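Residue numbers begin at 1 in each chain, while the letters A, B, ... track the order of the sequences. None of these values were measured; they are calculated from a predicted model.
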Amino acid sequence: DTGVSQNPRHKITKRGQNVTFRCDPISEHNRLYWYRQTLGQGPEFLTYFQNEAQLEKSRLLSDRFSAERPKGSFSTLEIQRTEQGDSAMYLCASSQTSGRTDTQYFGPGTRLTVL
Amino acid sequence: DQQVKQNSPSLSVQEGRISILNCDYTNSMFDYFLWYKKYPAEGPTFLISISSIKDKNEDGRFTVFLNKSAKHLSLHIVPSQPGDSAVYFCAASYIGGNDYKLSFGAGTTVTVRA
């Protein structure tokens with residue numbers, strides 16, 4: 001296993017279109033996270049799953065955003081009716097708690113540009 | 001509100017010298033702290049972490065120091081190398097409260113001069 005993978009790496013879309021991103025975590029990890037990063041800022045938490053259960057959603061995650069992890073393996077993040085403000089890098093991470101540590105490993109990200 | 005702050009947006013250091021990056025946090029419940037390195041157009045890469053039960057953790061050229069009373073941590077890179085030029089993010093979580101999401105600082109851009 002080579003780490004967290006994300007597809008596509010880049011997505012350009014027109015305002016109002018729907019987009020879907022996929023994340024494949026490290027295989028033995030039970031937690032999967034989505035973050036969003038804009039220029040000059042650190043990543044901001046969007047949502048996370050423990051196995052197939054979505055346990056927390058940020059207030060940043062408007063009702064146009066939905067995430068799934070149907071079998072506790074890969075996850076998808078869908079944005080409906082995209083807006084220019086959705087342009088950002090969308091990052092996926094996975095982790096497995098061990099004692100007092102829970103290190104998240106990130107994928108390469110999907111760069112979304114909304115025209 | 002920004003719970004993790006990196007007040008220095010940039011740092012320039014000569015190759016071979018020490019780089020010191022600083023990070024402050026406001027949430028006293030945080031008990032696990034991490035440093036990530038990020039190159040342009042790539043995801044963050046994990047560097048080193050520290051649990052709140054320790055005050056120092058070392059891994060090769062990287063050492064992280066934690067001062068809980070001051071709510072401050074720092075990353076030391078010795079010696080600095082050209083490949084260390086990147087953006088460095090500090091992050092924190094509250095594992096003891098089952099709050100695993102990471103809160104990040106805004107990052108510090110490190111430039112290592114030859």
Hydrophobic clustering (ILVMFWY, side-chain heavy atoms < 4.5 Å, transitive) - are A:Leu32 and B:Phe46 grouped together? no
CZ (B:Arg113) with more than 12 external heavy atoms under 6.0 Å: yes
As an exercise: rank B:Gly107, B:Pro44, B:Ala41 by heavy-atom pairs under 4.5 Å with chain A and give me the winner. B:Pro44
Under a 4.5 Å heavy-atom cutoff, which of B:Ile53, B:Leu102, B:Ile50 has the most pairs with chain A? B:Leu102
With a 4.5 angstrom heavy-atom cut-off, could you sort out which part of B:Ala91 is near chain A: side chain, backbone, both or neither? neither
Same cluster or not: are B:Leu66 and B:Leu21 linked, directly or through other Ile, Leu, Val, Met, Phe, Trp or Tyr residues, by side-chain heavy atoms under 4.5 angstrom apart? yes
Smallest heavy-atom separation, A:Leu91 atom then B:Gly43 atom, equals CD2-CA, 3.9 Å
Donor-acceptor table for chain B and chain A, threshold 3.5 Å:
{"from": "B:Tyr32", "atom 1": "OH", "to": "A:Thr103", "atom 2": "OG1", "distance (Å)": "2.6"}
{"from": "B:Tyr36", "atom 1": "OH", "to": "A:Gln104", "atom 2": "O", "distance (Å)": "2.6"}
{"from": "B:Ala41", "atom 1": "O", "to": "A:Arg9", "atom 2": "NH2", "distance (Å)": "3.2"}
{"from": "B:Gly43", "atom 1": "N", "to": "A:Pro108", "atom 2": "O", "distance (Å)": "3.4"}
{"from": "B:Tyr100", "atom 1": "O", "to": "A:Gln104", "atom 2": "NE2", "distance (Å)": "2.9"}
{"from": "B:Tyr100", "atom 1": "OH", "to": "A:Arg31", "atom 2": "NH2", "distance (Å)": "3.2"}
{"from": "B:Lys101", "atom 1": "NZ", "to": "A:Glu56", "atom 2": "OE2", "distance (Å)": "2.8"}
{"from": "B:Leu102", "atom 1": "N", "to": "A:Tyr35", "atom 2": "OH", "distance (Å)": "3.0"}

Taking all non-hydrogen atoms of both residues, which atom of A:Gly42 and which atom of B:Phe89 are closest, and how far apart? CA-CE2, 3.5 Å
Does anything in residues 48-72 of chain B form a ring pair (Phe, Tyr, Trp, His ring centres under 6.0 Å)? List the pairs, not counting sequence neighbours. B:Phe65-B:His76
Does A:Leu60 CG have over 12 foreign heavy atoms under 6.0 Å away? yes
In chain order, what residues pass the side-chain hydrogen bond (donor to acceptor under 3.5 Å, both in side chains) check against B:Ser69, with sequence neighbours excluded? B:Asn67
For residues 4-66 of chain B, pull every pair meeting disulfide (SG to SG under 2.5 Å), keeping only residues two or more places apart or in separate chains. B:Cys23-B:Cys90
Going only through I, L, V, M, F, W and Y residues with side-chain contacts under 4.5 Å, is there a path from B:Val87 to B:Val13? no
